[in-house]
Structure formats: C-alpha cells, structure tokens
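Heads up: the structure comes next, in structure tokens.
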2 protein chains.
Amino acid sequence: MSEPARLQRVPGDPTPGDPPAYDLIELFFFAYRDFVGDPDRILADYGFGRAHHRVLHFVDRQSGLTIAELLDILKITKQSLNRVLKELIEKGFVEVRTGTQDRRQRLLFTTAQGHELALRLARLQTRRIERALENGAPELREAAGRFLLAMIDPAERGEVMEILSGRTKEAAQ
Amino acid sequence: MSEPARLQRVPGDPTPGDPPAYDLIELFFFAYRDFVGDPDRILADYGFGRAHHRVLHFVDRQSGLTIAELLDILKITKQSLNRVLKELIEKGFVEVRTGTQDRRQRLLFTTAQGHELALRLARLQTRRIERALENGAPELREAAGRFLLAMIDPAERGEVMEILSGRTKEAAQ
DNA sequence: TGAGATATGTCAACAAGGCTGACTTAAAAC
DNA sequence: GTTTTAAGTCAGCCTTGTTGACATATCTCA
C-alpha cells in the first residue's frame with residue numbers, strides 16, 4: 001500500500017506480489033489443533049495440560065537430559081518449566097537424579113508410569129499420522145517430513161535433527 | 001513393553017506394536033512453533049496476540065461472516081472471542097454491520113487497516129512456506145497439503161475445505 | 001399477536017501457561 | 001577463595017481459554 005512497486009525481485013524478498021498461501025496456512029492451523037487435541041483429553045484425566053505433555057515427551061525421549069537442555073528445547077523460562085515439572089515429579093511421572101560428573105545438574109527421567117503415559121500419548125498421535133498417510137503414496141511420509149523440517153528456522157534445524165535422533169543422555173548416570 | 005505381540009492387525013486398530021512416529025510428532029511441534037512465531041513479533045507492535053491474529057485472519061478471508069460462523073471455525077467460547085474482537089473493533093481493524101436478512105446477526109468485515117495487517121501476516125507466513133518448498137520437487141506442495149488435510153478429523157474436513165475455498169459471505173450485505 | 005427460540009452481548013470468576021525481576025543455594029571453575 | 005554456573009523459588013503480571021448466569025433484540029411459528 002505504501003511501498004513503491006519494484007520491477008525486479010531480489011532473492012529472499014518479501015515478494016508481496018505473490019498471492020498468500022491461504023490453503024496451507026489454514027490447513028496447518030486446523031491440522032495442528034486436531035493433532036494436539038487428541039492427547040488433551042487423556043491428559044485431563046491426570047490433571048495435566050499440554051505443557052505437561054511436552055515436558056513428559058522430551059524427558060521420555062531424551063532420558064537423562066538436564067534442566068538447561070530441556071529449557072533449550074522448549075524455549076520457555078525456568079519458572080514456567082518448574083511449575084509443570086514439579087507436578088510431574090510429585091505425581092510420580094518424572095524422576096530427578098543429581099548429575100554425577102557435575103553435581104549441580106539435575107538429570108530427568110520418566111518413571112515406569114511416566115514412560116507408559118508418554119508412550120500412550122505418542123501412540124495416539126502416531127495413529128492419527130498413520131491414518132493420514134495410509135491412503136497416500138509411500139513417498140508421502142517422507143515428503144511430509146521434509147516439508148515440516150524445511151518449515152523450521154534454518155538456525156534451529158541442526159538441533160532439531162539431533163533431537164529427532166532420540167539419543168538418550170543416560171551416559172551421565 | 002507389557003503387551004503380548006499380535007500376529008494380525010485389525011484395520012483401524014490402536015496398533016500399539018508400531019514404533020511411535022517420533023520424527024513427525026516432533027517436527028510438527030517445532031515447525032508449528034516457528035510458523036506462528038513469525039506473526040507474533042509483528043502483532044506485539046499493535047498490542048495484539050495470537051488470538052487477535054486468528055480472528056483477523058478469518059474475518060479477512062470470509063468477509064461478512066457472522067459471530068456464530070466465526071465461533072464455529074475457531075471453536076472457542078463467545079466470551080473468549082468477544083474479548084479480542086472488541087479490541088480489534090476499538091482499534092479500527094474490524095468493522096461490524098447488522099445483518100440485513102436477519103437483523104440479529106452481526107456481519108464482520110476488516111477495515112482497510114485490518115485488511116492490510118491480515119495480508120502482511122499472511123505474506124509473512126507464505127514466505128516461510130515458499131522457502132520450505134523452494135528446494136523440493138514441485139509435487140512437494142501438493143503432498144504437504146494432502147498430508148495436512150488428512151491430519152484433520154474426517155468430520156471436520158468438509159467444513160475446512162469450504163473455508164479453504166475462501167468464499168466471501170458479503171452476499172448478505 | 002404473543003410465546004418461545006435464536007443471535008449476540010456482558011458480568012464475574014477462575015485456570016493454564018506464558019512472562020519479568022529479584023534473590024538463594026550448591027557446586028564447579030579458575 | 002572468588003567468581004561463575006545450574007537450579008530453585010517468590011511474587012506478580014498478561015493472554016487466552018473456561019463456566020455460569022443473565023439481558024436484549026429479533027425472528028419464527030402456532
């Protein structure tokens with residue numbers, strides 16, 4: 001509205017002339033809502049919310065990770081994390097052990113109960129994913145993964161790919 | 001871990017034996033976070049949040065839609081909607097007109113200013129999408145769209161596809 | 001025409017889950 | 001032995017969701 005028209009497009013430009021990708025924008029919104037909605041119903045039975053789910057998920061996936069590592073993954077403040085983490089510990093879903101090489105660190109683990117819940121929620125989400133892929137070509141799964149990865153900030157991608165490898169951090173204990 | 005292995009799978013089964021799709025679960029989480037994070041920074045300049053964005057977006061896309069229609073899309077309570085809608089109206093981003101066939105209804109429209117902001121945010125998100133697709137095969141876009149649509153509850157898909165068509169509702173005025 | 005249904009608006013209170021800022025403690029590092 | 005680091009905590013605030021109750025205007029239908 002206020003910017004002068006340009007005749008050439010510089011690569012990496014805002015490209016205000018392109019029509020917005022309304023379809024993908026809206027699909028992403030609705031799909032994500034349903035995707036996180038599945039676990040919500042189960043979590044409510046335990047008095048947990050989405051924040052608990054995220055913590056439980058990454059603790060289960062990266063057994064033995066520290067508070068600092070978890071904060072880095074979730075990108076929330078330690079005060080926010082502490083509120084939900086405390087509840088997960090009190091209710092016996094997460095366990096804390098003092099680090100051995102560095103005794104200032106707290107290493108986080110899921111308990112048997114915590115692991116079961118994390119797995120149950122992951123399977124629920126997996127079921128939705130499998131149903132989404134079952135009528136597609138076999139390449140659809142790989143395409144979905146490549147698209148989602150490419151949607152992530154380039155600067156974060158390295159870290160995300162490390163997380164995806166799901167390496168446990170138990171070496172510390 | 002504790003369940004006996006089964007040799008056959010019933011279609012539509014929980015399939016607890018399948019390994020969870022941790023990669024897609026986590027990619028979806030990180031990708032969506034970055035996707036909605038872009039607009040957040042701009043919205044903060046206006047004193048708006050994500051809730052305002054969603055309202056502004058769908059009002060802009062479905063010019064003339066009613067409160068009831070908007071509530072149905074967003075799936076929040078009218079009290080929640082009203083709080084953000086009121087602010088969008090007060091600040092001159094959304095305009096309300098009384099319905100003509102049914103004068104109980106309120107038809108929602110973006111103002112020029114509101115349309116500009118909606119477009120700016122949509123373009124920002126489109127840029128991320130385009131960058132995600134630019135190094136992929138031309139089929140990647142279509143695959144992403146099909147995957148996301150299939151992730152939505154089947155019962156909702158019809159409604160979502162109507163929304164995607166972006167038909168304006170101005171006939172009423 | 002009058003009763004009831006419908007669309008919207010509003011008040012009050014509450015909960016989840018983010019945030020900032022300030023401060024403590026224990027352990028490691030130098 | 002001082003400084004830095006990892007974690008925990010207190011207090012208060014914001015956004016955005018919730019429930020429940022009730023008001024108003026308008027439409028529908030017997």
Side-chain angles (χ1 to χ4, degrees), chain A residues 29 32-33 36-37 39-41 43-59 64-91 94-108 169 172, chain B residues 29 32-33 36-37 39-41 43-59 64-91 94-108 169 172:
Chain A
F29 167 67
Y32 191 76
R33 183 170 68 182
V36 297
D40 281 358
R41 284 158 232 142
L43 290 159
D45 295 343
Y46 295 83
F48 292 149
R50 279 178 205 178
H52 301 84
H53 183 196
R54 292 195 279 264
V55 171
L56 184 67
H57 174 93
F58 286 110
V59 171
L65 90 176
T66 66
I67 299 287
E69 286 166 341
L70 188 48
L71 287 175
D72 190 53
I73 290 170
L74 297 176
K75 305 230 189 293
I76 58 175
T77 60
K78 74 179 158 176
Q79 294 91 327
S80 294
L81 171 58
N82 233 282
R83 194 161 32 200
V84 295
L85 184 55
K86 220 190 281 185
E87 291 170 352
L88 285 167
I89 293 167
E90 278 166 10
K91 295 193 185 171
V94 169
E95 200 181 290
V96 183
R97 301 184 205 150
T98 297
T100 48
Q101 352 96 292
D102 186 338
R103 294 172 39 79
R104 287 172 304 180
Q105 294 182 329
R106 301 287 173 260
L107 310 184
L108 304 171
K169 311 236 165 184
Chain B
F29 167 66
Y32 191 76
R33 184 171 66 183
V36 297
D40 281 358
R41 286 158 229 140
L43 290 159
D45 295 343
Y46 295 84
F48 292 149
R50 278 179 206 178
H52 301 86
H53 183 195
R54 292 196 280 263
V55 170
L56 184 67
H57 174 93
F58 286 110
V59 170
L65 90 176
T66 66
I67 301 286
E69 286 166 343
L70 188 48
L71 287 175
D72 190 52
I73 290 170
L74 298 175
K75 304 228 188 293
I76 58 176
T77 60
K78 74 180 159 176
Q79 294 91 328
S80 293
L81 171 59
N82 232 282
R83 193 160 34 202
V84 296
L85 184 55
K86 220 190 281 186
E87 290 170 353
L88 285 167
I89 293 167
E90 277 166 10
K91 295 193 184 171
V94 169
E95 200 182 290
V96 184
R97 300 183 207 152
T98 297
T100 48
Q101 353 97 292
D102 186 339
R103 294 172 39 79
R104 289 172 304 182
Q105 294 182 330
R106 301 288 171 261
L107 310 184
L108 304 172
K169 312 235 163 186

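Labels below follow one simple rule: chain letters A, B, ... track the order of the sequence lines, proteins then strands, and each chain is numbered from 1.
- In this model, the phosphate group of C:dC19 is approached by a side-chain N or O of A:Thr77 to a distance below 4.0 Å at OP1 or OP2.
- Using a 4.0 Å heavy-atom distance criterion, A:Arg50 is classed as a sugar-phosphate-only contact.
- A donor and an acceptor atom sit less than 3.5 Å apart, one in the side chain of A:Arg83 and one in the base of C:dG18.
- Mapping A:Gly47 and B:Leu71 onto DNA chain C via the closest heavy atom, the residue that lands nearer the 5' end is B:Leu71.
- Aromatic ring orientation, A:His53 versus A:His57: perpendicular (interplanar angle above 60°, classes split at 30° and 60°).
- Residue B:Lys78 contributes atom NZ, which lies 13 Å from atom P of D:dA21 at whole-angstrom precision.
- Rounded to a whole Å, the NZ atom of A:Lys86 is 15 Å from the P atom of C:dG17.
- For A:Arg33, the side chain to side chain contact (heavy atoms under 4.5 Å, CB included) partners two or more places apart in sequence, or in a different chain, are A:Phe29, A:Phe30, B:Lys75, B:Glu156.
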Exercise for the section: For side-chain contact (heavy atoms from CB on, under 4.5 Å), just list the numbers for B:Ile67 and B:Leu85, CA-CA rounded to whole Å, side-chain angles, deciding distance to a tenth of an Å, and then say yes or no. Expected result: CA-CA 10 Å; B:Ile67 301 286; B:Leu85 184 55; 3.6 Å; yes

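- Between B:His52 and D:dT15 there is no side-chain N or O to OP1 or OP2 distance below 4.0 Å.
- When the C1' atom of C:dA7 is taken as reference, atom CZ of B:Arg103 falls 13 Å away, rounded to whole Å.
- Using a 4.0 Å cut-off, some side-chain N or O of B:Arg54 falls inside it from OP1 or OP2 of D:dG17.
- We find that CG of A:Asn82 is positioned 15 Å from C1' of C:dC19, with the value rounded to whole Å.
- Closest to the side chain of A:Arg106, out of D:dG8, D:dT16, C:dT8, is D:dG8.
- Rounded to whole angstrom, the span from the CG atom of B:Asp40 across to the C1' atom of D:dT16 amounts to 13 Å.
- The CD1-P distance, from B:Ile76 to C:dG9, rounds to 13 Å in whole Å.
- Nucleotide D:dC27 holds its C1' atom 4 Å from the CZ atom of B:Arg104, rounded to whole Å.
- A close approach under 4.0 Å does occur between a side-chain nitrogen or oxygen of B:Ser80 and OP1 or OP2 of D:dT18.
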Practice task
Determine, stepwise, if the pair A:Thr98 / A:Arg106 fulfils side-chain contact (heavy atoms from CB on, under 4.5 Å).
Solution key: CA-CA 5 Å; A:Thr98 297; A:Arg106 301 287 173 260; 3.8 Å; yes

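- The main-chain N or O of B:Tyr46 is found under 3.5 Å from a side-chain atom of B:Lys91 such that the two form a donor-acceptor pair.
- Separating the CD atom of B:Gln79 from the C1' atom of D:dT15 is a distance of 16 Å, rounded to the nearest angstrom.
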